[in-house]
2 protein chains.
Amino acid sequence: MTVADTNSWTGIREELLRRIVGRVWQPGEQIPHEADLAEEFGCARTTVNRALRDLAESGLVVRKRRAGTRVALNPPQKATLTIPVLREEVEALGRTYRHSLLERDLRPLPPMLHGAFQVPPDADVLYLKSLHFADDRPYAFEERYINLATVPGAQAASFEAISANEWLVQNAPYSHGDLAFFALSADDDLSAQLDAAPGTALFAMERITFAGEEPITHARLIFAPGYRMRTAI
Amino acid sequence: MTVADTNSWTGIREELLRRIVGRVWQPGEQIPHEADLAEEFGCARTTVNRALRDLAESGLVVRKRRAGTRVALNPPQKATLTIPVLREEVEALGRTYRHSLLERDLRPLPPMLHGAFQVPPDADVLYLKSLHFADDRPYAFEERYINLATVPGAQAASFEAISANEWLVQNAPYSHGDLAFFALSADDDLSAQLDAAPGTALFAMERITFAGEEPITHARLIFAPGYRMRTAI
DNA sequence: TAAGATAATATGCATGCACATATTTGCCTG
DNA sequence: CAGGCAAATATGTGCATGCATATTATCTTA
């Protein structure tokens, strides 16, 4: 009858998924209780629970206590994308990674970041400007501000051997943050750094991370032309 | 001693997390076995297992059978981003949504997609070109190919009242797909459609979805200037 | 009749146990 | 010493059960 062996929670998940995409259970419709499903599949309720939890996590079903489980009306298209450390991303492509620090100084935080990045108005932050290479070709341009109040150790770090990104993930774990992707045109500086014609459309990523309430760092990465950020859904 | 109550799996997860970010357990270091942790916390091994599974899922620890659990060397930065239905995204901004279908015809699949989108070489696919508005200002431009072999019902749908995206999520659930983000320059057509100067850098998203092995649709969305895709991490 | 208290119910979570599976370690043999 | 087999071990998974909790339905009371 069913092709998947239903005596493992993944098997049960596949079968449930089959019924959902096969419209055996309509969107918005309530599906049988865990207990009923457990009886049908001849397994423990725990096992059905595991399968349903997994489906709920991916957004295909919506679960509410007492109200039961129902098929999501419009399955929210969730994608988990892993933002790799650039070095690993480049090396995974079979190319050699290298980065160079272009600028490094202490300066006040630019006004543009005052809203999102709350530091005392007179405090200086560590500014870093660097370029990441893959096989000696520019791969990404990075501008970063580091809050020395939360990461005092950054002042002593050189960031020559190890990139700021890697140094931070290893020395200043964050609790949460914000991430944004957008497009921008290469200005003259970017054009020179990334070896792109002026005005070329570039893919950019901005990230702020926090440890609790304290901002750690603000980073803007601008990738060389042709970059695509991919993921599976 | 510990602030979190450790008699729930989330509490145990928090405590483990605290030890990881607090460098009680160094990156790369092996942490105690499930059984030992269970004894320490005075709970069942299952409960520890649940907490560790969760941490492994978010990439903070790496688990291997027999080899044990160790703290990830460089915690991969994972972000789950939800790709909303455009109508919902626009309405969430408090603006009114509208879309218009610019073109609709049957045509052979463009050669560029032959690799990723496997349909019989002589089969026609449904091509849709449309524009999404927020408050009567262009919000995103969409080009889409629909495989009629897997979604025959699409031929009868008008896509005037309901957008292709919404129609598809409700009528052709997908099992998996690929997603890519990138930047491109506005050509003359895009420039006119999106009310942007020619050459403006635009944020674009490409998506292919499948039902099993069968491709369902290929969509390319190009957003109006200034668009930022955000998420929390 | 309306509002609040109470019971019923479905899912969420925890426990203890057993067995499966993968991987390392070390022994054993040729 | 090399190669391979086997035991030890840590995690992965399943099962049966009970309690916790949130939500709905029902009953009681003013």
Novice: Should the ring pair W167(B) and F159(B) be called parallel, tilted or perpendicular, given that the plane angle runs from 0 to 90° and is split at 30 and 60?
Specialist: perpendicular
Novice: Verify the contact: side-chain N or O of N49(A) to OP1 or OP2 of dC13(C), cut-off strictly under 4.0 Å; return yes or no.
Specialist: no
Novice: Look at the side chain of R50(A) and the base of dG12(D), then say whether one donor and one acceptor between them are separated by less than 3.5 Å.
Specialist: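 Donor-acceptor pair under 3.5 Å: no.
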Novice: Taking the six-membered ring for Trp, are F181(B) and F203(B) parallel (under 30°), tilted (30 to 60°) or perpendicular (over 60°)?
Specialist: parallel
Novice: Could you work out which one of dT11(D), dG14(D), dG16(C) sits closest to the side chain of T69(B)?
Specialist: dT11(D)
Novice: Excluding sequence neighbours, so at least two apart, what forms ring-ring contact (aromatic ring centres under 6.0 Å, His included) with F117(B)?
Specialist: none
Novice: Is K64(B) near enough to dT24(C) that one of its side-chain N or O atoms lies under 4.0 angstrom from OP1 or OP2?
Specialist: yes
Novice: L52(A) CG to dG12(C) C1': how many Å, rounded?
Specialist: 12 Å
Novice: Please report, rounded to the nearest Å, how far the P atom of dT13(D) is from the CZ atom of R53(A).
Specialist: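 Value for this atom pair: 11 Å.
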Novice: Under 4.0 Å between a side-chain N or O of R63(A) and OP1 or OP2 of dG12(C)?
Specialist: yes
Novice: Among dG14(D), dG16(C), dT11(D), which nucleotide has an atom closest to any side-chain atom of R45(B)?
Specialist: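 In terms of side-chain proximity for R45(B), the closest of dG14(D), dG16(C), dT11(D) is dT11(D).
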Novice: Which nucleotide wins on minimum distance to the side chain of S8(A), given the candidates dC15(D), dG14(D), dA10(C)?
Specialist: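 For the S8(A) side chain, the nearest candidate turns out to be dG14(D).
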Novice: Is the phosphate of dC17(C) approached by T46(B) (side-chain N or O, under 4.0 Å from OP1 or OP2)?
Specialist: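 Answer no for this pair, as no side-chain N or O of T46(B) is under 4.0 Å from OP1 or OP2.
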Novice: My understanding is that only one of E34(B), H33(B), E39(B) makes a side-chain hydrogen bond (donor to acceptor under 3.5 Å, both in side chains) with R45(B); could you say which?
Specialist: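 Only one option passes, and that is E34(B).
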